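The next block holds one structure in the form of structure tokens; read it before the comments.
Counting starts at 1 for both ligands and their atoms, in listed order. Predicted, not measured: the structure shown is a model, and the values here were computed from it.
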Amino acid sequence: MTVLVFGANGQLGWQCVRDLHAAVGVKRERLDASRASIEHELVSLLDRYQPTVIINALAYTSVDRAQQEPELAFRINARFPGLLAKHAGNALLIHFSSDYVFDGHSSQPYSESDPTAPLSVYGSSKRAGELAVLESEAHALVIRSTWLVGEHGQNFAKTILRLACMRSALRVVADQWGVPTPTPFLSTQLETLIKTKPSISKGLYHLVPEGETNWYRYACYIIEKASQHPRWQDRLRIKATSVEPIPTQAYPLPAPRPLNSRLDCHRWRQALGVTHLAPFETVLDPVLDRILVQEPLDPSEH
Ligand SMILES: NC(=O)c1ccc[n+]([C@@H]2O[C@H](COP(=O)([O-])OP(=O)(O)OC[C@H]3O[C@@H](n4cnc5c(N)ncnc54)[C@H](OP(=O)(O)O)[C@@H]3O)[C@@H](O)[C@H]2O)c1
């Protein structure tokens, strides 16, 4: 059995290669998904490994830059998953998508049957990728998640820690709601799925830990955690209590973000036969602990 993981140098792909039984990672050097003609190379790769499971964690994730590079974003986030689905054969294809397919106007957590309405090029490209996979013949799952955080790669937690060491004042938006999803939480769920429910129904699933927060509260949580860590106490220039909550309008970015990114995971829980998923703090703390012992976060600190 082989689990072939695309995007193996990203946050999620790296974690999957590390945690999943029989995983083989594919990095950009091996296959560049932005190139015009990759279908032949992709088919050879799939022929060579004959995977039982394919995980697509490969994506164009520069949300703001995508506003300027829509063609590239669609090539990587829509065309590539479509090609994977076309050539997946009998493998179970697990493709990752995002809360950015929603406009965030709902006051409730989103379920898989809610209509999509992306606000940005990134969100539109992810939606196009979902459709390319779902409309194919492949035995495919599209898993939407939110606010990924892992020890490998770039994420909000690392940015906040870096800023907290550089600045004595920090403003963070407090009206965008969602939940941090640690990559080990996702890899653990995937391992359970592959081992116990490989014949899961094809389709769309939401998967995040339980709980909710906003970026401001999440930033305070991270700084508070760092402030209790002996290696960080002298480096921090700001306390959690001094972070200033601001509205989204006060921090304009090229790509609009959904205000509500909360996802209802009922369908996933039912498919796996579990009543609860882990609270986000339980799965976030060990990841933050690992990030806090990484050195250095910012090479300019040395
Ligand atoms: N990050 C989040 O907060 C978040 C939230 C919701 C959903 N998601 C979704 O979850 C999945 C994993 O996200 P992530 O945070 O792990 O992403 P990430 O850290 O940005 O990793 C993306 C990976 O894709 C690779 N990649 C990008 N362009 C490529 C190309 N042209 N050819 C080959 N490889 C290419 C990158 O390679 P390099 O390392 O070489 O650049 C990287 O390894 C994605 O589908 C994303 O849309 C993410």
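Between Leu31 and ligand 1 there is a heavy-atom distance shorter than 4.0 Å. The closest approach between a heavy atom of Ser97 and any atom of ligand 1 is below 4.0 Å. Contact between Gly153 and ligand 1 is absent, with no heavy atom of the residue lying under 4.0 Å from the ligand. Look at Tyr122 and you'll find a heavy atom under 4.0 Å from some atom of ligand 1. The shell of residues lying under 4.0 angstrom from ligand 1, judged by heavy atoms, excludes Tyr60.
For atom 11 (C) of ligand 1, the nearest non-hydrogen atom of the protein is Phe96 CB, 3.8 Å. Ala33 N, 2.8 Å is the protein heavy atom nearest to atom 32 (N) of ligand 1. The nearest protein atom to atom 48 (C) of ligand 1, hydrogens excluded, is given as Leu148 CD2, 3.9 Å; this is a heavy-atom distance. Of all protein heavy atoms, the one closest to atom 16 (O) of ligand 1 is Leu12 N, 2.9 Å. Atom 35 (C) of ligand 1 has its closest protein heavy atom at Leu58 CG, 3.7 Å. Ranking the protein heavy atoms by distance from atom 17 (O) of ligand 1 puts Thr61 CG2, 3.6 Å first. Of the protein's non-hydrogen atoms, the one nearest atom 5 (C) of ligand 1 is Trp147 N, 3.6 Å. With hydrogens left out, the protein atom closest to atom 12 (C) of ligand 1 is Ala57 O, 3.7 Å, a heavy atom.
Gln11 and Gln15 share no side-chain donor-acceptor pair at under 3.5 Å. Between the side chains of Gln176 and Trp215, at least one donor N or O sits under 3.5 Å from an acceptor N or O. Counting only N and O atoms by type, the side chains of Asn77 and Ser125 include a donor and acceptor under 3.5 Å apart. Between the side chains of Glu130 and Ser97, a donor-acceptor pair is found at a separation under 3.5 Å.
Geometrically, ligand 1 and Ala59 share a nitrogen or oxygen pair separated by less than 3.5 Å. Between Ser98 and ligand 1, not a single N/O pair is under 3.5 Å apart. For ligand 1, the polar-atom distance check against Asn9 finds a nitrogen or oxygen pair separated by under 3.5 Å. Considering backbone and side-chain atoms alike, Glu29 places every N or O at 3.5 Å or more from each N or O of ligand 1. Geometrically, ligand 1 and Ala8 share no nitrogen or oxygen pair separated by less than 3.5 Å. The shortest N/O to N/O separation between Gly10 and ligand 1 falls below 3.5 Å. For the pair Gln11 and ligand 1, the shortest N or O to N or O distance falls below 3.5 Å. Between Asp32 and ligand 1, at least one pair of N/O atoms sits closer than 3.5 Å.
Using a distance-only test at 3.5 Å, with no hydrogens or angles considered, no donor-acceptor pair links the side chain of Ser124 to the main chain of Pro118. Judged purely by atom type and a 3.5 angstrom limit, Arg79 uses its side chain to pair as donor or acceptor with the backbone of Ala36.
Heavy-atom proximity to Ile76, at under 4.0 Å, picks out these atoms of ligand 1: 28 (N), 31 (N). Close contacts between ligand 1 and Ser34 involve ligand atoms 31 (N) [criterion: under 4.0 Å to a heavy atom]. Near Ser145, with a cut-off below 4.0 Å to any heavy atom, the atoms of ligand 1 are 6 (C), 7 (C). Close contacts between ligand 1 and Lys126 involve ligand atoms 44 (C), 45 (O), 46 (C), 47 (O) [criterion: under 4.0 Å to a heavy atom].
Here the CG-CZ distance, from Leu12 to Phe96, works out to 5.0 Å after rounding to the nearest 0.5 Å. Taking CZ of Arg65 as the reference point, atom OH of Tyr122 lies at 13.0 Å (rounded to 0.5 Å).
For Glu71, the CD atom sits in a loose shell: 12 or fewer heavy atoms of surrounding residues, nucleotides or ligands are nearer than 6.0 Å. Within a 6.0 Å radius of CD in Glu41, more than 12 heavy atoms belonging to other residues, nucleotides or ligands are found. The 12-atom threshold is exceeded at CG of Asp47, counting heavy atoms of other residues, nucleotides or ligands nearer than 6.0 Å.
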| message | Please determine whether side chain to side chain contact (heavy atoms under 4.5 Å, CB included) holds for the pair Leu207 and Leu277, giving the CA-CA distance in whole Å, both sets of side-chain angles, and the decisive distance to 0.1 Å. | response | CA-CA 9 Å; Leu207 180 56; Leu277 294 168; 4.1 Å; yes

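Cluster membership check: Leu193 shares its hydrophobic cluster with Val283, using side-chain heavy-atom separations under 4.5 Å among Ile, Leu, Val, Met, Phe, Trp and Tyr. A single hydrophobic cluster is seen to contain both Val142 and Leu4, as judged by linkage of ILVMFWY side chains at heavy-atom distances under 4.5 Å, directly or through other members.
For Phe6, no heavy-atom contact with ligand 1 is shorter than 4.0 Å. Residue contacts with ligand 1, taken as heavy atom pairs separated by less than 4.0 Å, do not involve Asn155 at all.
When the options Leu46, Leu92, Ile94, Val3 are evaluated for a side chain to side chain contact (heavy atoms under 4.5 Å, CB included) with Ile54, the one that passes is Leu46.
Under 4.0 Å is where a charged nitrogen must lie from a carboxylate oxygen, and between Arg267 and Glu112 no such pair does.
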